[in-house]
Each structure stands twice: as C-alpha cells, then as structure tokens.
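In what follows, every heavy atom counts, from backbone to side chain, and hydrogens, waters and symmetry copies are set aside. Treat the numbers as computed from the prediction; the structure is a model and nothing was measured.
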Amino acid sequence: CPNGHGYVIGNCGNPQEIKTCRGCGEKIGGEGHKLLAGNVKDTGIDRTETGHTLGRAAKLDPVTGPERRLNRTSVAVLRLFTHISMYLGANINLQAVCQSIKPSIEETEVCGYILEHIDLDLTSLQNILGKNRDDVMLLIHYLLVQIMVSHTAAVVADNHPPEVCGLVSKESRSEWEELFAGKFIIPVLQNMENILRESNQRILNDERLGADPLLQILYETDIAPEGQDMVNLHDIPAVWRYRELISVNHLRQSLDTVKINLPVLQLFLKEEHHLRAIRFIPSIIKLQRMLIQKYGRKLDRAEATTLTFADVKQKMDEDRKLKEFVGLLKDFTEAWNCVKESLETYSCPADGNLVMIDKAYCRSKFTDDTPVSYLIPTYQDAGLCSYVLLFFLLEKQDLFLQSYCSQRKLKAENLPTVHVKDISSAHLISYHPDKDLLPMVLANCNYSFKVGQGTEIEYNYANLERQLMDRFLFSKSFIKGYGEIETIIYRSESTNAIVFKTLCDKIPQERLHHAVQSQICGELRTKSFPELCESLDKLDIAISFLKSVGSDPESSLVDFMSNIKIDNPFPSPKAKQSSKCKHTMSLWILFALERARTLAKYEKKAFESIGETFRTTLTEDQTKIIEDILKSLTVEQISEVVELLFECIVLKIDVPQNPEDEDYFDMSKMNLRDALIGYQDSCPFEGKQQIEDTTMNVLGQIPSDLEDPNRVLTAHSVEFWILANKICTSKQQRRH
C-alpha cells in the first residue's frame, strides 16, 4: 500500500483487478499490480523481542496451528529444541539463561520453568502427531541423531548469507527456521511411520535386553493366556495397549506424508484449526449486541473492568436471560481459545488505525472473575479482544474463500456476498469438528489391525475432498461491511463537546450561580458514588432529548425529565429546586467534575473517554514547576483552576477534529496557558466567566515559550489536572 500499510486484500491474481488496503481504504491494483490470491502480507514492522517471552507454560495451551511459514509440527519441534538448549545452557551459565526469560523469574526457578515448557512441547507433539509419549521421544531422538550425522564439516561450510547465519532480522530468522525445518524436520515427518516401525523393531531385537517381559507386552509379542478373567479387565495388559486414533490431526499428519495433489483438502486442513471457530460468528455478534443493549451508555469504562462474568450472570438471571447468555459465552470462549495464539501477532483496522491486542490479554483465560470488558467490543484495551476476534474470523472466511476460488479456478465475484449485520450460519463455513467433520473422516478411511504390527489406517483423500467442498464450501458467501461491527459507547463517551454545541444551539446555556453550585456539591458528597453515576446517566438521556426537541430555557429541568419518564433524576434537593433547562450543561459539568474527583481519589482514570493525545506524562521538572506555582494559592483558588481546566478539557480541548479539514489544527501542540486564558472568550456559556486576578496571574506563569524545554502543552492537560486536583485535595485535608 502506498500509505505504508504492508498488506492488501484481493480476490485473485488478476492484474486488472482493483484491491482495497484494509489498513486505510487506499485503492490498489490496475495494470502491472499483480497480487497473490488471499495473501495477507506482514506489515514489515519487526515487533519481536529478545529473550524468552512466552511466559509460564501453565498459562499456555499446546501448539494448535502453524506460525509464520512453518507447519504445526515444525513449530513444536523448534520450540522443544530451543527449550532443551536453554536447559542445557542453564547448567553452564544459569545467570545468562535467567536474564533471557521475560518476565523475570528467580534463578532457583529456571530449571523447573524450562522443564514445564519442555513437557508442554512434548504434549503439543503428541497431539499433533497422534502418537504416545514414547513414540514422540523416540522420534525426537532419531531427529537429533540425523542432525548430528548430516551436520558434517562440508555442511557447516555451506555458503548462507551472513544475515541468515546471524539471525539479525525478523526475515532472516524466518528464513533460517524454514531452511532448518525443510532440511531436518520435514523429511523425518514424511517417513515417520517407517522410522518408528524400524526403530521400535531394533529395540525389540536388541539381544542385550533379552526376553524382557515388559518389551514383549509393549510390542505385543507376548502370548496371551487362553482364559481371560473378564471381571478384572483392568488387570489384562492388552486392555491398556495404545491404539492410534482416527482424528482430524491424524488425517492432517497422514496427508503430509503422501505425495498427492489435492489442493482444496490440503488448504482446508492447513486452516482447519481456525475454520472450526467460524461457526461461532453468529453467537459472538449476538452476545456483543446483548451486552451493548444492556450496558451501552449505562456503564463507564472503569466500571466495565470491575464488573465480572459472575456479576453479569446474576443480572442476566434477573432478566431471565441467563441460559441464553451462558450459551453465547460458551461459544465466545471456545472461539477465543481456538484463535487467541494467532491474535498475538494479528493487526486489524479499528477507527482509522491499525491495532493489536496486548499479549497479556491474548493469554488470558476466561473465568467467572474475568471482567466483562473482554466481551464488549471497543477500539482499545480489553474491548479489543471482542472486536478483533470477530474481525479475525470474518476475514478468515473471506481469505479462505479467495484461496479456494484460486485453487478451483473459480471467479470470486460469482460467489454470493452478505453484510455483517445479516450474517447467519448458512452464509458461513460452519461445521462442528466432532459432529460434522469427524464422521466424514471416519466414512472415508479403512482401519485394520495386525498383532505385532499395530494399526493401519488408509484414507480416501479424493472422495473426502469432494465431500468437503459439497458440504462445507458450496455457495458460501464473501462478507462485506466490516465497519458494521458494533462497538459500545460508554457513559462518559456519550456526551461530548459536539453534543453540547448542538444543545447550546437549541437552548442557550447559562451557569448555575456559584453559591448554588457549592451547595449542590456539598449535597453530592453525602451521597454514594453509584447514585452520582446514575444521575449522570439520567442527565445524558435528558440531554439527548433536549438537543433534539428543545424546550423553554426557563422551564424546570426536573419537570422535563419527568415528562420523558425519568423518575428521581437527582440525589441533590438543591439541584432539583434550582436547575432549569438553561442550566443543563452547567449541571452536567458539575456532576462530571465530582465524579472525576472521586475517581482520582482512588487513582482511577478520571478522563477515560479522553484520547491518549492529551495524556502525555509531565516530566519531573514540569511537575516541580507546576507544584511551586499552585502551592502558592489558597484551596479556593486551586479549586477554581481545577474546575476551569476540567471544563476547558471537556468543552474545548477534547473536540473531535478531522485531519483532512482545511482549518485543521493539532490541538495537542497548543500551549495549555493559551488554551485556558483563551477559553474565557470561546466558552459556550452565555456571559463571560469571572476569574480572579490572582488565578489569571497564576495561569500566566505556566511555561509556554517555544524555546522553554519545560513548556506545558494541552497534550499534558489530563496529567496537569490530576496533579492540580491532588494538590487541592491535600490542602483541603490539612485544613480539616
């Protein structure tokens, strides 16, 4: 993409076709721009870190899918070799190995930490290969021997590029592991059954072991007694003998060992670990809508991080929707577990930016104590889990269908399309791996068993491919309208400067008298925090009506709210008595300021709806200068600065802007001093705010010179407010 995004979605290799970059919407293609079918290229940004960053093995699941350009088995084998190397290295230089592990652990924990990973890697290989632990260990020993035998002086002298040998970049590391897997791992896997059979026979024929009874039982050469006690089956060795299972994993492994051209079956099995999660898309969308409908504009972002699954279940039980919610949550969790490893390195567009889920979120396991914010789609924090999960699965279907059309020489434009809001299971590659796919696999295999030789499984690959296409892929739809993915609007995000501008155009707004404001604040401080939040909720609803239908500025705000069926709007008697429709914005600012002060007292985000642009951290020097300026003021004067800055942030600084507008100005680069002083003239309230001369003099002392390294910008406004409020609170406590 010419805008720097490194990947594009296209349907086929047609050089005439125009594609669209999913990062920015840029149209790409035309004559001379040929793109591979369904190819999502890496962004080119190397996000890899030095050291061992997987974390504790207990928090990880076994390897289930391919990574980079490696298949699943190669990924598991390379991880196993890496961990074995670390374990051996810890015997030589324990401190160096310990320092390479992130997050850091104690040196006494290193060996146990690595052994847990080795055990997990062996479990991954067991699952992938469909073999028992003994066969996996035998195969790894054989692979190590082959590496030692083939890694001669002549091979060591092979001429590979320095960047590949040095592993200096993401691309060189990827190339090295691909070369390693192709040279050592793949040949062993392709001949795995013969290798295991011959190796086991060599062990059995080893005369040094003699007629070992255990080996005879293990390799099924023992002679079973004629009469078996059917009552005590658990005492009969034959009952416990391992039999190779017919499974999708075994089918995939078997297909890798045969030379056959069945591109659709190979493509399907390569992506199957993700495709099986596509059936959950309708449930994910339904769950998101259920939560958005219940909590939209009623919940703060901070509250969403404390409200747990257990709390939501209790609420759903009261609404008689518990059974439905539990079912949808189960589907969401299963889909999440299927793809969460892949989401660690996945980026997708959200609100005009490319976003990635934090690795800590990706490695989370859902329990009743998990915050509901993981389930509610947003463009940041834990809410990205829900948004990106759905986006990933929608895109997975489109990319797979593109590749399928390419393999089958079909025209992608002939396939039906469906919008996200209209999706049903009929549009999706929807199947249950155990109830739909496995019976199909069983119907297309021949299973035989010979004593002393084990099981023999043969698949009818060609017939299986035909059935897959007929049952799972026929007439499936491309998905359009990714922008239709709903996201929640939290309570504090529902009323912003744009809404207030519309309100002021409809009903001119005035400030409540200062004495009235003080009395209302005093009454609010005697009430609980939930009551304050509930009042803001109700006021938000009233504002949404007022900005649309209007009202007489002199009419009672409480009466208006009663007319739209909002009962007991405010916990403050003075607010009920004094507030008119022309005071709506002033009352909202007052409530929101009290809420922000309460959150700040408990070190919670006081401005959760404000973007990171205005959250730049103050330097130590800036902090000291601001403290020196504010500490010279009285509590009342600092409180006035806190109130003024809060109002300025909400009504002037954090105003949504379009960078493409001709009069666009980056507000974050403006001096905070100029913004505060200039706010008096641009204030949306009727009448000019009267600010004490002392306070104005203090505002003038805020560093603002272009050459001053301690210059304070509006980008620092949130941190400035938090510091000023902290100083004000501290002075108030000392006074009391």
Side-chain angles (χ1 to χ4, degrees), residues 61 273-299 301 303-343 348 350 357 361-379 381-397 418-437 477 479 481-482 484-490:
D61 294 319
H273 63 292
H274 287 155
L275 295 180
R276 62 173 56 192
I278 289 177
R279 76 183 192 275
F280 297 120
I281 286 176
S283 294
I284 294 170
I285 293 174
K286 192 172 183 179
L287 178 64
Q288 290 176 346
R289 286 174 179 168
M290 177 188 283
L291 293 172
I292 289 172
Q293 184 178 1
K294 184 169 183 63
Y295 294 113
R297 302 179 187 272
K298 301 173 186 175
L299 195 69
R301 193 180 295 275
E303 292 171 331
T305 62
T306 57
L307 191 71
T308 65
F309 289 3
D311 297 329
V312 177
K313 286 179 182 178
Q314 186 177 349
K315 296 290 184 183
M316 292 296 176
D317 191 26
E318 294 171 3
D319 297 341
R320 299 189 177 183
K321 293 182 179 179
L322 178 61
K323 185 176 180 180
E324 182 184 10
F325 174 75
V326 170
L328 296 175
L329 178 59
K330 181 182 177 184
D331 288 351
F332 185 99
T333 304
E334 192 168 339
W336 173 256
N337 290 335
C338 278
V339 305
K340 65 180 182 180
E341 284 189 20
S342 300
L343 296 183
C348 82
I357 305 177
Y361 293 136
C362 287
R363 294 173 185 176
S364 299
K365 292 185 178 180
F366 293 160
T367 67
D368 276 353
D369 295 326
T370 302
V372 74
S373 55
Y374 280 80
L375 304 179
I376 303 177
T378 63
Y379 296 139
D381 301 327
L384 268 178
C385 296
S386 183
Y387 178 86
V388 174
L389 171 63
L390 180 56
F391 194 103
F392 177 88
L393 294 176
L394 295 172
E395 187 179 60
K396 180 58 66 176
Q397 162 132 337
V418 63
H419 281 266
V420 171
K421 60 183 175 62
D422 301 321
I423 282 177
S424 68
S425 295
H427 302 110
L428 301 171
I429 305 170
S430 180
Y431 65 91
H432 193 288
D434 296 329
K435 297 177 182 178
D436 299 319
L437 181 57
S477 304
I479 299 167
Y482 287 27
E484 295 170 5
I485 298 176
E486 293 184 57
T487 55
I488 194 170
I489 299 176
Y490 284 112

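Centroid-to-centroid, the aromatic rings of Tyr387 and Tyr379 come within less than 6.0 Å.
Residue Lys365 qualifies as enclosed at atom NZ: its count of foreign heavy atoms under 6.0 Å is above 12. The environment of Glu484 atom CD is dense: over 12 non-hydrogen atoms of other residues, nucleotides or ligands sit within 6.0 angstrom. Crowding of Lys294 atom NZ: a count of heavy atoms from other residues, nucleotides or ligands under 6.0 Å exceeding 12. Environment of CD in Glu324: crowded, with over 12 heavy atoms of neighbouring residues, nucleotides or ligands closer than 6.0 Å.
Leu393 and Val339 get closest at one heavy-atom pair: CD2-CG1, 4.1 Å. The two residues His274 and Cys338 come nearest to each other via the heavy atoms CD2-O, 4.0 Å. Taking both residues in full, the closest heavy atoms of Ile292 and Pro377 are given as CD1-CG, 4.0 Å, listed atom of the first, atom of the second, then distance. Summarising the geometry of Gly481 relative to Val420, their closest heavy-atom pair is O-CG2, 3.2 Å, with the distance given to 0.1 Å.
Considering only heavy atoms from C-beta on, Tyr431 stays 4.5 Å or farther from Ile278 through its side chain. The closest side-chain heavy-atom distance from Gln293 to Glu486 is not below 4.5 Å. Looking at Leu291 and Met316, their side chains come closer than 4.5 Å, going by heavy atoms from C-beta outward. Residues Thr308 and Val372 fail the side-chain proximity criterion, which asks for heavy atoms closer than 4.5 Å.
A ring pair (Phe, Tyr, Trp, His ring centres under 6.0 Å) with Tyr361 is found for one member of Trp336, Phe366, Tyr374 and no other, namely Tyr374.
Counting only distance, with no hydrogens or angles, the side chain of Ser386 and the backbone of Gly383 share no donor-acceptor pair below 3.5 Å. Side-chain N or O atoms of Gln288 include none that pairs as donor or acceptor with a backbone N or O of Leu390 at under 3.5 Å. Under a 3.5 Å cut-off, the side chain of Glu334 and the backbone N or O of Ala277 do not form any donor-acceptor pair. Remark: side-chain polar atoms of Asn337 are paired, donor with acceptor, to backbone N or O of Thr333 under 3.5 angstrom. A side-chain donor-acceptor contact under 3.5 Å links Gln397 to the backbone of His427. A side-chain donor-acceptor contact under 3.5 Å links His432 to the backbone of Asp434. Panel note: side chain Ser477, backbone Ile479; no donor-acceptor pair is recorded below 3.5 Å.
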Pair Phe280, Phe332 - check ring pair (Phe, Tyr, Trp, His ring centres under 6.0 Å), show working. CA-CA 7 Å; Phe280 297 120; Phe332 185 99; 9.8 Å; no

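A salt bridge is absent between Glu318 and Lys313; no separation between the charged side-chain nitrogens and carboxylate oxygens falls under 4.0 Å. Taking 4.0 Å as the cut-off between side-chain N and carboxylate O, Arg279 and Asp331 do not count as a salt-bridged pair.
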